[in-house]
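Below: one structure, written as structure tokens.
Worth knowing before you read on, the calculation uses all heavy atoms, side chains too, and leaves out hydrogens, waters and symmetry mates.
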Amino acid sequence: MEHLKGLNEAQKEAVLCTKGPLLVLAGAGAGKTRVITHRILQIVREGAAPEQILAITFTNKAAGEMRERTLNLLERFQGETLNQGSPRFRLNSGPFVSTFHSLGLTIIKENFRSFGFKRTPAVYDRADSLRIVKEALKAMGTDEIEPRAVLATLSRHKGDDISLDEFAANAEYSRDRLIAAVWQKYQKALSEDQALDFDDLLVRAVALLRREPSVRETLRARWPYLHIDEYQDTNKIQAEMAEMLVGEEKHICAVGDIDQTIYGWRGAQIANILSFEKKFPGGRTILLEENYRSTKTILAAANDVITKNVFRREKNLFTKNRDGEQLSLYQAFDEVDEAHFVARKIGEMVAEGAAPENFAVLYRANFQSRAIEEALLAAEVPYQVIGTRFFERREVKDALSFVRAALYETPPDVARVINIPARGIGKVTLAKVLAGREETLPASTRAKVAQFRALLMTIKEAAERLPPSALIRLVMVESGMEALYKQDKIEGAERLENVRELVNLAGRYDTLGETNLERTEKFLEAAALASDQDEIKEERNAVRLMTVHASKGLEFPYVFITGLEEGLFPYEREGDDAADKEEERRLMYVALTRAEKKIFLSFASYRTVFGSKNPTLPSQFLSDISDNLLLYEAPERIGKTIYLD
């Protein structure tokens, strides 16, 4: 059994269990992808054709990697037979490895006439969808809700298998009734364009499977063996799609980790993996608990944290790796001190021979990256932000553009903010405004432009009398951005946090210059220079900065987990319930299990929010970790702090 060499006993058991339902609960770093690929090989060795196997995962990258690994494995062992004389196989084509959305599109393309399409439908990406939503809001003459918030609401409800009619029938509040009206226009526009959006690829495919038994049976016959990776991340519509593709023999293998369910906010339902054995009775459940990534000390800390959760299956990660170093814990004075600690430690280890790419700095919210970026820049440590850089975030660019438009009337900045929030100023009007031909506009349109001009004048006059931090606060209120983000229940809170962080940064320039206008100009110059560090993005051997969510599936020798304070990590929102609190704990578990050799934990005693330095409490996660696993780091300098009110 050459193909089983190198697998541990639990992995072998999962690979050899090829018939009936199988749930594989794979801990972090336990080799789940290896199990899936070797299990596919085992099924083929037992006589199935490779093309009879379907494997579903969540991202195109993950699907591509799994496809490549599977094909390499099949090519390596093709031509071999089992002892009991199963036929040899030749690799003419491989398994169908796909994302849920790609699978939905495949089903729709094969049956497009069943949907009333005259041709294979076009697929709109998020930018296309956002454009349609904006046009629908414009047609309705309203700017009461942010287009991205509408699109996020539509996506969430489609994933929960809630139709437009159901949503509209249960719309109690004016905001929901407005979204329902936009949804109706949105779907009408898609239909007229013979197009579907990402969520429709799942919704429409599942609808077809429900109403057409012949389509179900055709697909079940084509793919009698089904594998689903990251099963804990499935939402309602994805789980139903998978269930309807399972044939009478129920050859389904679901692989996932309850302790890594961290996408509840976008529709993932932990109940799917918890109820697998009820949906598919008579199957087996195998735990993969041996971790090949981390040290014993790191796993002990991760187990300390996750065992506090109630909604989980008992699982205890272990490893044969060395004990490893204790987790370092640093109590910073504030976010600047914390960032300097991160930069100092990385700088010291890089000087000793570690490569910058071996380090990851994780944080709970995007706004935390700004102080860390500044510290790494000052220390001349190359870094790369995974995700959007602070000064490239839309809300930050919008706030800065308001100030530049008011002070300098720069056309790009005027064009950027003239419709933030929406004022009903179209492209033709904008072109005339930028060309200085406002007198040719209709009276009603001139009034809208005059209102915008008055706002810019208010900001310009305020720049003369207010320091930069107060000016940004004024921009947020007077422009309507603050009210807009408070209405956005999906992304608004984080956007507000990012602008508050911009206020904190502007505060550093409140005394740098003789006049307020000079101070604001210095701030704008600094922001422009900071946002022009594009060459760092191209740096491959660089420290990675990212949110904990973005780190899932990755691993690094050295990991910094920052901002471990109550209210930040765990993050607290109004109305959080027990499930939300458990998801925050799972997020901490994910953060800890990204590390191979060493973890650095940090929290700030004070964190500046919206220009005010506020005291914090250490995260409850820190008290969960056994004290013998922690090494308390001393600050670089110990001095006396005097507070002046």
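- Applying the 6.0 Å contact sphere to CD of Q451 captures no more than 12 heavy atoms from other residues, nucleotides or ligands.
- For Q184, the side-chain contact (heavy atoms from CB on, under 4.5 Å) criterion is met by L164, not counting sequence neighbours.
- The distance from the CZ atom of R500 to the CD atom of E482 is 7.0 Å, given to the nearest 0.5 Å.
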Exercise for the section: Please test K552 against D233 for salt bridge (Lys or Arg N to Asp or Glu O under 4.0 Å), starting from the C-alpha separation and ending with a verdict. Expected result: CA-CA 12 Å; K552 188 170 179 290; D233 290 336; 3.5 Å; yes
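- In this structure, the separation between CG on D259 and CZ on R585 is 11.5 Å, given to the nearest 0.5 Å.
- Not counting sequence neighbours, the partners of Y408 by the side-chain contact (heavy atoms from CB on, under 4.5 Å) test are R404, T410, E521, L524.
- In terms of modelled atom types and a separation under 3.5 Å, the side chain of Q269 and the main chain of A271 share no donor-acceptor contact.
- Between the side chain of S191 and the backbone N or O of Q187 there is no donor-acceptor pair closer than 3.5 Å.
- The shortest distance between side-chain heavy atoms of K138 and K134 does not fall below 4.5 Å.
- Scanning for ring pair (Phe, Tyr, Trp, His ring centres under 6.0 Å) contacts around F276 gives Y231, F280, with sequence neighbours left out.
- In terms of heavy atoms, T142 sits closest to L178 at CG2-CD1, 3.9 Å.
- For T520, the side-chain hydrogen bond (donor to acceptor under 3.5 Å, both in side chains) criterion is met by no residue, not counting sequence neighbours.
- Here the straight-line distance linking atom OG of S602 with atom CD of E335 works out to 11.5 Å at 0.5 Å rounding.
- Side chain of T99 to backbone of S102: a donor-acceptor contact under 3.5 angstrom is found.
- Partners of L455 under the side-chain contact (heavy atoms from CB on, under 4.5 Å) rule, at least two apart in sequence or in another chain, are F402, R423, I459, E478, S479.
- Under the 3.5 Å distance criterion, with hydrogens and angles disregarded, a donor-acceptor pair is assigned to the side chains of Q232 and E230.
- Taking the six-membered ring where the residue is Trp, W183 and F167 present tilted rings, their angle falling between 30° and 60°.
- K279 NZ: more than 12 foreign heavy atoms inside a 6.0 Å radius.
- Atom CE in M241 sits 10.5 Å away from atom CZ in R210 (nearest 0.5 Å).
- Here the side chain of E572 pairs no donor or acceptor atom with the backbone of E566 at under 3.5 angstrom.
- Using modelled atom types, one finds no donor on one side chain facing an acceptor on the other under 3.5 Å when comparing Q487 with R175.
- Taking P615 as the reference, Y606 meet the side-chain contact (heavy atoms from CB on, under 4.5 Å) condition, with sequence neighbours excluded.
- Ring orientation note: the planes of F621 and F569 are nearly perpendicular, at an angle over 60° on the 30°/60° scale.
- Under the 3.5 Å distance criterion, with hydrogens and angles disregarded, no donor-acceptor pair is assigned to the side chains of N498 and E501.
- Defined by atom type and a distance below 3.5 Å, a donor-acceptor pair is present between the side-chain atoms of Y186 and D197.
- For T608 and N504, the side-chain atoms include no donor-acceptor pair closer than 3.5 Å.
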